[in-house]
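Worksheet: one structure, shown below.
We count ligands from 1, going down the list as the structure has it; atoms in each ligand are counted the same way. Heavy-atom basis, side chains included; hydrogens, waters and symmetry copies ignored. Each residue takes its place number in the sequence, starting with 1.
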Amino acid sequence: MTEFDGLPIRDDLRGETPYGAPQLDVAVALNVNENPYPPSPSMISDVAAAVAAVTGQLNRYPDREASALRADLAGYLAKFEGVSFDPSLVWAANGSNEVMHQLLLAFGGPGRTVLGFSPTYSMYPQYCRDTFTNYVTEPREADFSLDPEVAVKAVRSHRPVVTLLTSPNNPTGTALPIDTAEAVLEAASEHGGLVVVDEAYAEFRRPGTPSALGLRERHKNLVVTRTMSKAFAYAGARVGYLVADPAIVDAVRIVRLPYHLSAVTQVVATVALRHADELLAQVAALRAERDACVEWLRANGFSVADSDANFVLFGLFDDRHAIWQGLLDRGVLIRETGPSEWLRVSVGTPAEMTAFKNALLEVTRG
Ligand SMILES: Cc1ncc(COP(=O)(O)O)c(C=O)c1O
């Protein structure tokens, strides 16, 4: 806890601590929903060549509009999600964290409310704090699904400027039926509110779960956010994006810092998009590993939330911190987050998952 004694810091930031899970040096890090697979040798050499080429122009500011990258992101969505968008509907920034931050800079503010459904992503209150926006939550059901009637009622009573629907949701892994998203979009449009569907983990969803991208044409108040941090195994590159009506993109362009996305980031992202086939093959392997992990946990008597993401929420533990610590003592770092009796593990390589399972049995069975 930092008091910032003697500093003229904003009163509401006094006592706050920087956000973030511990970055510990452990053998098996399964705590921040990273993709465990590093880039392939061919991708590394393509990235290196692209960075070398752009380095000769680093005396110049980058393309403020990131036009080539936005066109390539639209191409990726057309090819892999089957939905075509003009690049003017796509916007990119340094991770979907920055995309959300920009959205709330443009649409949040004093006297305005953002609505989320808890438990959900722990950064949402922070974006709201930073933009002086009121953050309210309504609860999910016991199985972490969202009751459409509860959601619609909440939208009508809070009249949020932005409703956050996270699908798949973090930390629960729960995907949202498309009908629920549509009901919320309709309810929000009654008072002119936006609905952000945070699809950071969309590529990991199970077959039969559609993306909200397909709703864009019918619902002009929809924003879908995505990231290259997870499916593209590119958390270190910091690239996120959104798809929304061009007027929403224009509003975000007002508040973005000039040249927010470096020339290096823009080319490095473009190269990864060219390797989408190979990267998405790894996503398929991770989905299979995730399903195996859910099955294994259930077979061993744990409660497990259905997961459409690259992580699994499991429990129930009277003292989850002791379990977390026991795993850490065995070199396996997972995340103490979400409801108090649950823990979250990110899906790693087969060897990492074996280490996790062995450590968990040791800690819980003694
Ligand atoms: C639901 C959700 N949204 C957004 C993000 C932000 O991802 P990034 O800023 O790396 O794109 C995360 C990261 O874990 C997340 O879980």
Side-chain angles (χ1 to χ4, degrees), residues 18-23 29-36 66 69 73 76 90-105 114-128 130 135 137 140 144 146 162-176 181 195-205 209 211-212 223-243 252 256 260-262 265-266 268-269 272-273 279 283 286 290 305 307-313 333-338 344-348:
Y19 177 88
Q23 289 192 304
L30 302 173
N31 65 329
V32 285
N33 301 341
E34 291 159 336
N35 187 314
L69 172 58
L73 286 165
Y76 162 69
V90 180
W91 176 251
N94 294 283
S96 53
N97 278 157
E98 190 182 36
V99 170
M100 276 297 306
H101 206 253
Q102 292 176 336
L103 278 168
L104 289 193
L105 282 173
V114 165
L115 168 66
F117 296 93
S118 60
T120 191
Y121 185 37
S122 46
M123 271 301 292
Y124 296 149
Q126 316 246 344
Y127 307 134
C128 290
D130 293 350
Y135 181 59
T137 58
R140 289 169 172 268
F144 306 122
L146 189 56
V162 171
T163 302
L164 296 170
L165 297 177
T166 319
S167 181
N169 184 47
N170 180 9
T172 63
T174 322
L176 189 75
V195 176
V196 175
V197 183
D198 180 344
E199 291 196 347
Y201 301 95
E203 288 91 344
F204 295 94
R205 67 194 193 269
T209 310
S211 158
V223 181
V224 178
T225 59
R226 291 255 179 141
T227 181
M228 295 184 74
S229 296
K230 316 293 178 179
F232 279 84
Y234 235 25
R238 308 305 302 128
V239 186
Y241 56 102
L242 64 71
V243 177
V252 166
R256 60 103 179 94
H260 67 292
L261 208 51
S262 86
T265 305
Q266 292 185 36
V268 157
L273 290 165
L279 294 164
V283 167
L286 287 165
R290 181 248 346 259
S307 176
D308 280 87
N310 67 338
F311 54 84
V312 177
L313 191 74
L333 177 62
I334 64 167
R335 187 84 181 261
E336 216 180 336
T337 185
R344 191 192 71 194
V345 62
S346 310
V347 176

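Closest protein heavy atom to atom 5 (C) of ligand 1: Y121 OH, 3.4 Å. Distance from atom 3 (N) of ligand 1 to its nearest protein heavy atom, with residue and atom name: D198 OD2, 2.7 Å.
Between A181 and L165, the shortest heavy-atom contact is CA-CD1, 4.0 Å. Annotation for N170 and R344: closest pair OD1-NH1, 2.8 Å, computed over non-hydrogen atoms.
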Do R226 and L73 pass the side chain to side chain contact (heavy atoms under 4.5 Å, CB included) test, and can you show the C-alpha distance, the side-chain angles, and the key distance before you say yes or no? CA-CA 10 Å; R226 291 255 179 141; L73 286 165; over 6 Å; no

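Note on ligand 1: E98 sits outside its first shell, no heavy atom being nearer than 4.0 Å. The closest approach between M228 and ligand 1 stays at or above 4.0 Å for every heavy atom of the residue. Within the 4.0 Å heavy-atom shell around ligand 1 one finds T166.
Which parts of ligand 1 touch K230 is read off a 4.0 Å heavy-atom cut-off, strictly below it: atoms 13 (C), 14 (O). For ligand 1, the atoms lying closer than 4.0 Å to a non-hydrogen atom of Y201 are 1 (C), 13 (C), 14 (O), 15 (C), 16 (O). Listed by atom number, the atoms of ligand 1 under 4.0 Å from S229 heavy atoms are 8 (P), 10 (O), 11 (O). Below 4.0 Å from some heavy atom of N170 lie the following atoms of ligand 1, by number and element: 1 (C), 15 (C), 16 (O). Atoms of ligand 1 lying under 4.0 Å from at least one heavy atom of R238, given by number and element, are 8 (P), 9 (O), 10 (O). Residue-ligand proximity, G95 to ligand 1, at heavy-atom distances under 4.0 Å covers atoms 9 (O), 11 (O). Taking a cut-off of under 4.0 Å to the non-hydrogen atoms of N97, the atoms of ligand 1 that pass are 6 (C), 9 (O).
Of the N and O atoms on the side chains of T166 and Y124, at least one donor lies less than 3.5 Å from an acceptor on the other residue. Inspection of the N33 and Y201 side chains reveals an N or O donor paired with an N or O acceptor under 3.5 Å. Side-chain contact of T174 with N169: a donor-acceptor pair under 3.5 Å is absent, judged by distance alone.
Relative to atom 6 (C) of ligand 1, the option among S96, A200, A93, S346 with the closest non-hydrogen atom is S96.
Among D308, L176, N310, the single residue meeting the side-chain contact (heavy atoms from CB on, under 4.5 Å) criterion with P168 is D308.
Ring geometry for W91 versus H260: interplanar angle under 30°, hence parallel rather than tilted (30 to 60°).
The aromatic ring centres of Y76 and F232 sit less than 6.0 Å apart.
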